[in-house]
Amino acid sequence: MRLLNAAKILDWLADHPGDGWQERWRAADADSGKEHVLAAVLGDDQSESQRNGLVAGLNCLMTGRIVLPGYAFLRGYKALRLFKDVQQTFPDGDLDTMRDHGAGLGMTPRHVDEGLRLISAMVLHTGRDLHALTAEDIFHVRALGRRLRGEAFIGTHTAWELLRGVGVIQSKETLKDALRYGQRPTAELVDSYNIQSTAIRNVLVRYLDERRPGVDYGTFRGLVRELVGVFWADIEAHHPGIDTLRLPDDVVDGWKQRLVTYVHSKTGEVKERRSRIDVMMRVRGFYLDIQEWAHEDPFWAQWAVPSPITRGDGAGNHKIYKQTTARMHQRVRERLPHLPLLVQTAERVHREAAALLEAARATPPNGVFEHDGTIYLRELLKVNQVPSRLDHGSPHVYIRPVGTTGRRINQSLVEDDAFWSWAVIETLRHTGVRAEELTELTHLALVSYRLPETGEVVPLLQIVPSKSNEERLLLVSPEPPSVLATIIKRLRDANGGKIPLVARYDSHERVTGPLLPHLFQRRPYWQPQVMSEAAVKHRLDRALEATGLRDQAGQPLTYTPHDFRRMFATEAVTGGLPVHIAARILGHKTLTTTQAYLAVFQDDLVRTYRGFLDRRRADRPQDEYREPTEQEWHDFQQHFELRKVSLGTCGRPYGTPCKHEHACIRCPVLQLDPQQRPRLIEIIRNLRERVTEARANGWLGEVEGLQVSLNAALAKLTSLNRTSTDGRPRLVDLGMPLFTDTPGP
C-alpha cells in the first residue's frame, strides 16, 4: 500500500518538467508543504484513510531518497513515523550512543529527541548517511533558521552535540564556540570595507599594524572603523579613483559636512554623529604619525603630506564633552529617585515567582493547585507529542492557569529570570562595577581581610583587570557579600554542591577565558554559560517592565548598567566620601573622570575643591594627590573599625566629627541591631527609674537631661518595632487622611 501511494505521487510529479524526480519535485513547488502535495494528488477526495495512505507513500519516497525535501517542508511535517524510519537507518548502536551521550551532558529526553529530529531532517534533505554529515551542514541549518525565523531551529545545538558523541563531528568545541571567529587579521578587517585603491589599502594596513600592539582589540576595531570606514571609504564613495592622501579642500569640506550625521543601520533613521570631533582627531593623528615616522622609515616619506584636519577642527570638542556630561547628569537625576522602586519591584517579583514555583513543585504532575487566588494545573510535557511518552526527566516545572485561555508557563524559567534580575540590580547598585566586570566575578572574588588593629574581619571584593587593565580590591558594605552568597548557594544547590567551571567569552577582545567558577552563569538548556553584557541589560529591562516607570516623554524608562555606576558614585560622594577615594574605588585614573559622574555635585563645589587642591599642590608634591596616601587609606579603614557600638553601628559619614559627644542613645545616625532589643528595653527601664528618683529628690536639671535620653530611647524602640526579624522594614499604615467631596474650611 505504501508503494501504491508512492506511485500516485510519482504520477503527479511526472506531469512536471525536469530531468529527475528532484527537479520535478521543485517544479511542482512541493516544498510548499504537505498540504500542498495532498491537495494536488487527492483533489477533493481527502478522506482520512486517503490522507493517511498518501502520507505513508510520501514517507516512502523521502526515506528512499527519491526526493530530497527542503528544511522548510520538514519543519512543518508532523508525521513522526518518517523520522523514526530515518533513525532506523542509522548504524547499529549509534542511536543509543547519541541518547547516552546526551543524557551524560545533562540533556532531558525532550532535548535529545529535538536533536535527533533535526539530524533526521538533515539526512532527508542532503540524501547522505549519518556519518557523511559534516559541520557545514549544521552551519547551513543554523543560518537558514536565523534567516527564516530570526533564530536557529530548535535542536540545532543539541544536534551538534549528538553528532560529536558518535564522532561525526570531530571538533571538541560546542557549536557556540565553533561559531566564534576570534580576533581577525588587520588586512581582513580593512578589506571588509572594499577599499578600491590598492596603494591606500596597503598604507592603511601597515599603519594599523603599527598601532595595533598599543591598544586592546575593541579599541583597535573602532580605530579601523573610523579611519577606513568613516573616513577613506566615504572619500572613495564620493570621489571614485582617488589614490592619494593629499586631499583637495573641496573633498575635505564635503567629508566634514557628511560627518555630522549618519544613517542608522537598522532603522534607517538619520542621526547626529556625536563623536565627529573624535573621528577628525584620529584622522589628524593618522597624518601626523606618518609625518613623524617618515624621519625614521623611508616607506612613509612618500605618504607624508599636510593633514587636512587642522588644530582648530577640534575646537568644538569641549562643547560636545559638556553636552555629553549634561546628558549623563540628567539621566542620573531622572533615574536616581526611582531606584528604590526598582529595587523593591525586583525583590517582590522574585519573591512571588519563587512562591509560585514552590507551590507548583509541591503538586504532583497533572495535579491542580491554588495560589494567590488562581487555580493552576501542573503540566508534564510530552516528548515529540506522543501521549504515552512524558518528559519525566525535565528539570523545569510547567503550569497553566485553569479555566482561562492562558498559555503554558515555564515557571522554573520565570523564577530564574526574576532571581537574576534581582541579583544584577543589587550587585550593580552596591558596587558600582562595570557590566564587563560583573560578568567576570568568580567565586574567588569575595575575600576577607582582617583589620590589623581590631582583628575585625571585613569583606573585600576583587575586581579583575578589565577596561583599565588594573586590578583593585573594594571594601564593600554587607549587602554585596550577602547577594553573592545567595548566588553561590543557588549555584551549589543546582549543581550537586559545586559551582560549575565555565569559560567566559570576552566579546570586546574576542577571546575565550579559562575555566573558572563564574558567579553570573545560567543554564538555559543543559550547559552552564556565563551571562553576556547583553543578557545583563536584558535582565534590567525585564525588571523595569514590572515597575511601569515612564520618562518625561511618556516612554518606558530605561536603565543601563553604567547608570548604576554613575548613581553609585553620586551617592558615595554626596554621602561624604572624598572624591579621590571614590576615584580609586571606581578604578578611574583621574579625578576629572570621577567628577563627570557626579550628577548632583554642584559646579561651585567642584571649583572650590579643585581650588583647594591647587593651593595644597603649591606647598606639597603633586604626586601626593594623584591617589590616596597610605595614611589616608589607614584613616579610611579606621573609620570602619570605630563604627561598632553597643547598640548597633554608627552611621556617621566618613571624615565628620561626632556631634553628640558619643551619646549614642540620642544620636539619629545610630543604626540599631535588632538583636540588641532586650538591651534597649533594659536601658529604657533604667532611665525611667532614674527619672523617678530625680523627681523625688528635686533634681530638676537632671530630670530634663534624663527625659531627653528617655524620649530618644523610646523613639528608637518604636523604630525597631517597625522592622521585621531580618531587619527589613515592615509595611506600616501611615494613617493618611482621605479627601472627600464634602467642602472643608
Side-chain angles (χ1 to χ4, degrees), residues 139 157 171-193 204-230 265 275 278-279 282 285-286 289 424 427-428 431-445 461-474 500-522 524 527-540 560-562 564-565 586-589 593:
F139 297 152
H157 291 264
S171 174
K172 297 182 179 180
E173 299 177 320
T174 64
L175 177 57
K176 181 174 288 188
D177 293 333
L179 292 169
R180 292 167 176 163
Y181 45 83
Q183 297 185 1
R184 312 313 297 163
T186 304
E188 183 175 331
L189 293 175
V190 173
D191 290 341
S192 65
Y193 293 96
L204 290 170
V205 171
R206 185 162 180 174
Y207 172 80
L208 291 168
D209 276 333
E210 293 282 349
R211 292 289 309 275
R212 185 166 186 168
V215 295
D216 59 81
Y217 186 68
T219 303
F220 178 73
R221 286 189 295 122
L223 183 62
V224 173
R225 180 180 64 255
E226 292 174 349
L227 284 182
V228 183
V230 179
S265 58
S275 61
D278 293 332
V279 174
R282 287 184 177 86
F286 167 66
D289 286 341
V424 164
T427 306
L428 288 177
T431 61
V433 297
R434 303 178 179 93
E436 180 183 4
E437 295 169 344
L438 178 78
T439 60
E440 291 174 342
L441 290 177
T442 68
H443 189 198
L444 311 175
L461 189 63
Q462 181 187 24
I463 305 299
V464 298
S466 58
K467 179 179 178 180
S468 59
N469 290 326
E470 292 183 1
E471 184 181 26
R472 64 187 192 274
L473 288 173
L474 303 184
L501 301 180
V502 188
R504 174 184 174 273
Y505 178 71
D506 191 335
S507 59
H508 299 284
E509 292 297 314
R510 301 289 175 86
V511 295
T512 302
L515 295 174
L516 290 172
H518 288 280
L519 295 184
F520 284 84
Q521 59 171 275
R522 300 184 66 190
Q527 296 172 326
Q529 300 176 5
V530 180
M531 285 188 192
S532 63
E533 295 180 39
V536 172
K537 178 63 169 61
H538 183 62
R539 301 273 71 76
L540 295 179
T560 65
H562 221 72
F564 288 87
R565 184 170 170 82
L586 293 173
H588 291 160
K589 295 183 178 180
T593 305

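Any value given below was found using the heavy atoms of this structure, including those in side chains, with hydrogens, waters and symmetry copies removed.
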**OP:** Evaluate the side-chain contact (heavy atoms from CB on, under 4.5 Å) criterion for residues Glu436 and Arg504: first the C-alpha distance (whole Å), next the side-chain angles of each, then the deciding distance (0.1 Å), finally the verdict.
**Re:** CA-CA 11 Å; Glu436 180 183 4; Arg504 174 184 174 273; 3.4 Å; yes
Subject >> Any donor-acceptor N or O pair under 3.5 Å, side chains Ser275, Asp278 >> reply: no
Subject >> Positive for side-chain contact (heavy atoms from CB on, under 4.5 Å) with Val530, one of His518, Arg522, Glu440 >> reply: His518
Subject >> Within-4.5 Å side-chain heavy-atom neighbours: Val433 and Leu428 >> reply: yes
Subject >> Minimum side-chain heavy-atom gap Pro561-Lys537 below 4.5 Å >> reply: yes
**OP:** Apply side-chain contact (heavy atoms from CB on, under 4.5 Å) to the pair Tyr217 and Asp506, showing each step before the final yes or no.
**Re:** CA-CA 11 Å; Tyr217 186 68; Asp506 191 335; over 6 Å; no
Original post:
Say you draw a straight line from OG of Ser532 to NE2 of His538; how long is it, rounded to the nearest 0.5 Å?
Top reply: 10.0 Å
**OP:** Would you name the heavy atoms of Leu208 and Val190 that are closest together and state the gap between them?
**Re:** CD1-CG2, 3.7 Å
Subject >> Rounded distance (nearest 0.5 Å) linking atom CZ of Arg510 with atom OG1 of Thr512 >> reply: 11.5 Å
**OP:** Decide side-chain contact (heavy atoms from CB on, under 4.5 Å) for Leu189 and Phe220; before the verdict, give the C-alpha distance in whole Å, the side-chain angles of both, and the deciding distance to 0.1 Å.
**Re:** CA-CA 10 Å; Leu189 293 175; Phe220 178 73; 3.7 Å; yes
Original post:
Within the distance-only criterion (no hydrogens, no angle test), does the side chain of Gln521 pair as donor or acceptor with the backbone N or O of Pro500 below 3.5 angstrom?
Top reply: yes
Subject >> Non-hydrogen side-chain atoms of Phe139 and Leu179 separated by less than 4.5 Å >> reply: yes
**OP:** Identify the heavy atoms of Arg434 and His562 that sit nearest to each other, and give their distance.
**Re:** CG-CE1, 4.5 Å
**OP:** Can you see which heavy atom on Thr560 is nearest to which on Leu540, and at what distance?
**Re:** C-CD1, 3.9 Å
Original post:
Yes or no on side-chain contact (heavy atoms from CB on, under 4.5 Å) for Thr427 and Leu441, after CA distance, side-chain angles and deciding distance?
Top reply: CA-CA 10 Å; Thr427 306; Leu441 290 177; 4.2 Å; yes
Original post:
Can you check whether Lys176 reaches Gln529 side chain to side chain, under 4.5 Å on heavy atoms?
Top reply: yes
Original post:
Could you state the interatomic distance from CE (Met531) to CZ (Arg539), rounded to the nearest 0.5 Å?
Top reply: 6.0 Å
Subject >> Side chain to side chain, Leu223 and Val215, heavy atoms closer than 4.5 Å >> reply: no
Subject >> Gln527 and His157 side chains, donor-acceptor separation under 3.5 Å >> reply: no
Original post:
Quick one: CG on Leu501 to NE2 on His443, what's the gap to the nearest 0.5 Å?
Top reply: 11.5 Å
Subject >> Shortest non-hydrogen contact between Glu509 and Gly218, atoms and distance >> reply: OE2-N, 3.9 Å
**OP:** Decide salt bridge (charged side-chain N to carboxylate O under 4.0 Å, His left out) for Asp209 and Arg212; before the verdict, give the C-alpha distance in whole Å, the side-chain angles of both, and the deciding distance to 0.1 Å.
**Re:** CA-CA 5 Å; Asp209 276 333; Arg212 185 166 186 168; 5.2 Å; no
Subject >> Side chain proximity check, Arg211 to Asp289, heavy atoms < 4.5 angstrom >> reply: yes
